[in-house]
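Quick note: numbers below take in every heavy atom, side chains included, and nothing from hydrogens, waters or symmetry partners. As the structure is a computational prediction, the values presented were derived from the model and not from experiment.
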Amino acid sequence: MTKEDVKQIVLDIIAEIAPDEELSDIKPEVRLREQLDLDSMDFLDIVMELRKQHGIEVPEDDYPELASLDSCADYLLPKFEAKASA
Amino acid sequence: MTSELNGAHYDCLVIGAGMSGLAAAIRLAMFDKRVLIVERHNAAGGLNSFYSIAGRKYDVGLHAMTNYAPPGAKRLPLIKILRQLRLDRDQLDLSEQCGSKIVIPGYSLNFSNDFALFESEVAQVFPEQIDGFRRLVEHVKSFNETALDIQEESAIAVLREFLSDDALVNMLMIPVCYYGSARENDLDFSQFVILFKALFMEGFARPFDGVRVIIRALLSKYRELGGERKMKCGVREIVADNGHASRVIFDDGTEITADKIISSIGYAETLRLCSDQPGDAGRDNTGALSFVETITVLKKQPASLGWKDTIVFFNNSEHFDYRRPKDLVDCRSGVICFPNNYQYSDERKLEEGFLRVTALANYDRWAALTDQEYADAKDQWYETLQRRALDFLPMPRVRDKEHTTPPMVAHKAQARLVLEQYTEAKDMFTPLTITKFTGHLSGAVYGAPNKVKTGRTHLDNVFLCGTDQGFLGITGAMLSGISMANLHVLGAG
Ligand SMILES: Cc1cc2nc3c(=O)[nH]c(=O)nc-3n(C[C@H](O)[C@H](O)[C@H](O)COP(=O)(O)OP(=O)(O)OC[C@H]3O[C@@H](n4cnc5c(N)ncnc54)[C@H](O)[C@@H]3O)c2cc1C
C-alpha cells in the first residue's frame, strides 16, 4: 500500500458520496473544502465509509487530519498498514 | 401479528415511516446499524401521503416540494439530502413550478424559482419598500439559521426594521406561515429565514406522479440497504427505567429492545408513549394550527380555463390573521394549488385537472360534531372555500361552443357555474382526517409551537426527528431525519 493508493481510496469514497462533484483535477496539497463543495455532513460520510469499507477508525478529534488528500494519505497510511499486518 | 419480532434487539428503532423516519432509517441502515422502522398505518408517507377513493388517487400533502435546487447548485438542502441518502436526482423526477403569486385586495406579487422576478415585483408594487426589501434579503442570506444556539426573535419585529409598509410584511408572512409555521401569527425569525429561502430563494417543484415518487424512492433505498420495516405496527409504550428506555411494546403486545430510539411522531405524542409520563404530558407544547383542504377534480386542465398559476396565497384584507379560528374554518386566507401547473418534461400532462384549496381550521370544533353535522359541515365549507378561491382567480375562460352563459348572470355566479360544470369529483379533508392518518394531536400539521432543536428528550436514548425537531415540510423532514440520525446514532458511535 502506498500513499497514492490511500489517496485513490479517499477519492473513490468522495465519488460515491458526492457524485455531483468533478474530481478529475483535485490538487492533493490543497484543502478539499477549498476545491469541492463538501460540508461537515460529507466529512462524516468519508469517516463512516472508511470504517465500513476498510475497518479504519477515525476519532472525531482527528477529523482535521482529513483536510487535504496529502494529509489524508499521511494520516491514514499507517492505519492501513497496521490493519494489513494485524 | 408482529409476534415473530418478540424479544428481538435492534441498534435503533425508528417510530413512524413518514419522510423524516424513512430518511433517518436509511442513514442508519447505510452504515450497517440493525434498524427497524415501525409504522402504525399500512402506508408510508405519514403527513404526506396519498389515498384512493373510487379508483382515483388523491395526493394528500404535496402541493409543492419546497427547496428546489437545480443540478449543479451548491450547498442547498435538496443537494444535501440527495448526497446523504445517496439518491439520484432523476429518481425524484422533479419539475419546476410555472409561477405562483401572493394576492391581497389591491396588491399582487408574482414569484417563481427565479428570485429576480420576485424582487422586480416588489420594486414595482412597493417602490418605496424596495431598498428595505433588498437589505432584508441580504440579512436573510447572511443569517445562519441552522445554528442550534440562536436567540429567538419575532419575525414580524425584524421585518418591520426593514419594511415600513405592513401590507408587504403581511404578504411575506402568508406563504411563510402557511408553508411551515407551527406558531400563531408570529414565528421565530430563524424559522422565517429557513422558510423564506425554501419558498422564494429556492422554490417549488413536484414529481409528475406526486408524493408517491418520493416515498417510493425512499422505500426502495431502504430496502436495498437491507433495512427492516413493519407496517400496521404501532408503538403502544416505551418502558422507561431511570431515565432510559429499556424496552418498547407494540400495539399487539410484542416487545422488543433497542439501544436507541428515534421517534418521528411528535414531541407530546412521544412523551405520552413513555411509561414514566402522565397521559397529558407535553400539553403546554402542542400545536393549535390545523387545516381543511378541498380537492376538486376538473374535467379540464386548469390552464385551459385560464388558471395558470401553480400556487396562489390569498388573504382578503391587509391584515393577516394566522391562528386557530373560532369557527370551523377561517376562509379569509388560504392557499390555492393547481398541481397541473408545473413544467413537466416531455409535454407530460396530468390526466385530470386538480384544484386544491387549503384554509385554517379548528380541530376541537370539528371533533365536537355528530356524524351528520360533520358531513353537512364538509359540504357547506367545501362550497364556501370554492367561492373564496374564485374571488382570487381570474374569471374562468370557456371556449366550448355548447357552453352558453345565461344572460344577466352576475360575474361571480357565472364563475361558479363554470366551476360546477367542469367538476368531475370532489373531496375534502378536515383536521380529524389529519389526526386519523398521522396521529398528530389536534390535527396539528406543523406540530408543537416550540421545537426541540437538539432532538433530545428526558430519556437518554430516545430522540425526536421530523415535525417537532424543527425542520418542516417534505424537504425539512428528510433533513431532520438525516441530521438526528447523524448526531445521535452515527456521530457518537
Ligand atoms: C394537508 C397537508 C399538506 C401538506 N403540503 C405540503 C407540501 O405541499 N409541501 C411540503 O413540503 N410539505 C407539506 N406538508 C407537510 C409535510 O407533509 C410534513 O411536514 C412532513 O411530511 C412531516 O414528516 P414527518 O416525518 O416529520 O412526520 P409524519 O409524516 O407525521 O410521520 C410520522 C409517522 O408516524 C406514524 N405514527 C404515529 N404514531 C405512531 C405510533 N405510536 N407508532 C408507530 N407509528 C406511528 C404516523 O402514522 C406517520 O406515518 C403538508 C402536510 C399536510 C397534512
Side-chain angles (χ1 to χ4, degrees), chain A residues 6-27 30-69 72 75-76 79-80 82-83 86, chain B residues 11-12 23-24 26-35 68-92 94 144-148 221 224-227 465 471 475-476 478-493:
Chain A
V6 177
K7 287 180 202 172
Q8 194 54 50
I9 286 173
V10 174
L11 276 176
D12 289 345
I13 290 176
I14 295 175
E16 214 174 299
I17 64 178
D20 48 329
E21 291 286 340
E22 180 52 62
L23 300 178
S24 52
D25 38 41
I26 298 284
K27 297 190 187 70
V30 179
R31 297 170 70 83
L32 288 164
R33 267 185 201 241
E34 283 167 30
Q35 311 177 73
L36 298 171
D37 192 41
L38 298 179
D39 65 8
S40 55
M41 279 183 166
D42 299 315
F43 276 90
L44 171 69
D45 273 27
I46 296 176
V47 171
M48 299 293 300
E49 291 294 344
L50 283 167
R51 180 194 298 161
K52 179 174 159 181
Q53 297 177 20
H54 304 282
I56 301 277
E57 297 286 343
V58 181
E60 205 169 333
D61 290 345
D62 291 351
Y63 286 9
E65 307 282 350
L66 304 180
S68 70
L69 280 182
C72 280
Y75 173 77
L76 293 172
K79 288 185 179 268
F80 275 101
K83 187 97 200 152
Chain B
D11 294 327
C12 190
I26 287 173
R27 288 292 297 169
L28 301 176
M30 189 178 288
F31 297 110
D32 301 333
K33 297 287 177 198
R34 185 156 186 232
V35 44
Y68 179 72
K74 303 286 179 197
R75 289 185 187 266
L76 295 177
L78 179 64
I79 307 288
K80 284 190 192 179
I81 290 169
L82 293 173
R83 277 193 190 178
Q84 288 275 303
L85 301 181
R86 312 270 167 93
L87 294 174
D88 189 309
R89 69 180 297 134
D90 292 342
Q91 284 175 272
L92 303 188
L94 293 177
N144 179 7
E145 68 278 13
T146 53
L148 292 176
K221 176 55 88 176
E224 215 174 275
L225 292 164
C465 76
F471 295 121
T475 317
M478 288 192 276
L479 212 49
S480 168
I482 291 168
S483 58
M484 290 299 108
N486 286 355
L487 183 65
H488 296 302
V489 186
L490 298 176

Review point. How would you list, by chain and number, every residue that makes a salt bridge (charged side-chain N to carboxylate O under 4.0 Å, His left out) with B:D11, sequence neighbours excluded?
Key: none
**Study point:** salt bridge (charged side-chain N to carboxylate O under 4.0 Å, His left out) against A:K79, all qualifying residues, sequence neighbours excluded
**Key:**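 Partners of A:K79 by the salt bridge (charged side-chain N to carboxylate O under 4.0 Å, His left out) criterion come out as none, since no residue qualifies.
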Review point. With a 4.5 Å heavy-atom cut-off, do A:E16 and A:D12 have their side chains touching?
Key: no
Practice item. Check A:I56, A:I13, A:V58, A:D42 against A:V47 for a side-chain contact (heavy atoms from CB on, under 4.5 Å) and give me the one that passes. Key: A:V58
Check your understanding: Do A:K83 and A:E57 sit within salt-bridge range, that is, some charged N less than 4.0 Å from a carboxylate O?
Key -> no
Study note, to complete from the structure: Closest heavy-atom pair, A:L32 versus A:L66, reported as atoms and distance to 0.1 Å, is CD1-O, 3.7 Å
Check your understanding: Considering heavy atoms only, which positions within residues 76-88 of chain B lie below 4.5 Å of chain A?
Key ->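 Hits under 4.5 Å: B:I79, B:K80, B:R83, B:Q84, B:R86.
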**Study point:** Portion of B:R89 that has a non-hydrogen atom of chain A nearer than 4.5 angstrom
**Key:** neither
Practice item. Select one option (side chain, backbone, both, neither) describing which atoms of A:I17 are under 4.5 Å from chain B's heavy atoms. Key: both
Revision key, fill the gap. Contacts of A:F43 meeting ring pair (Phe, Tyr, Trp, His ring centres under 6.0 Å) (sequence neighbours excluded), chain-then-number -> none
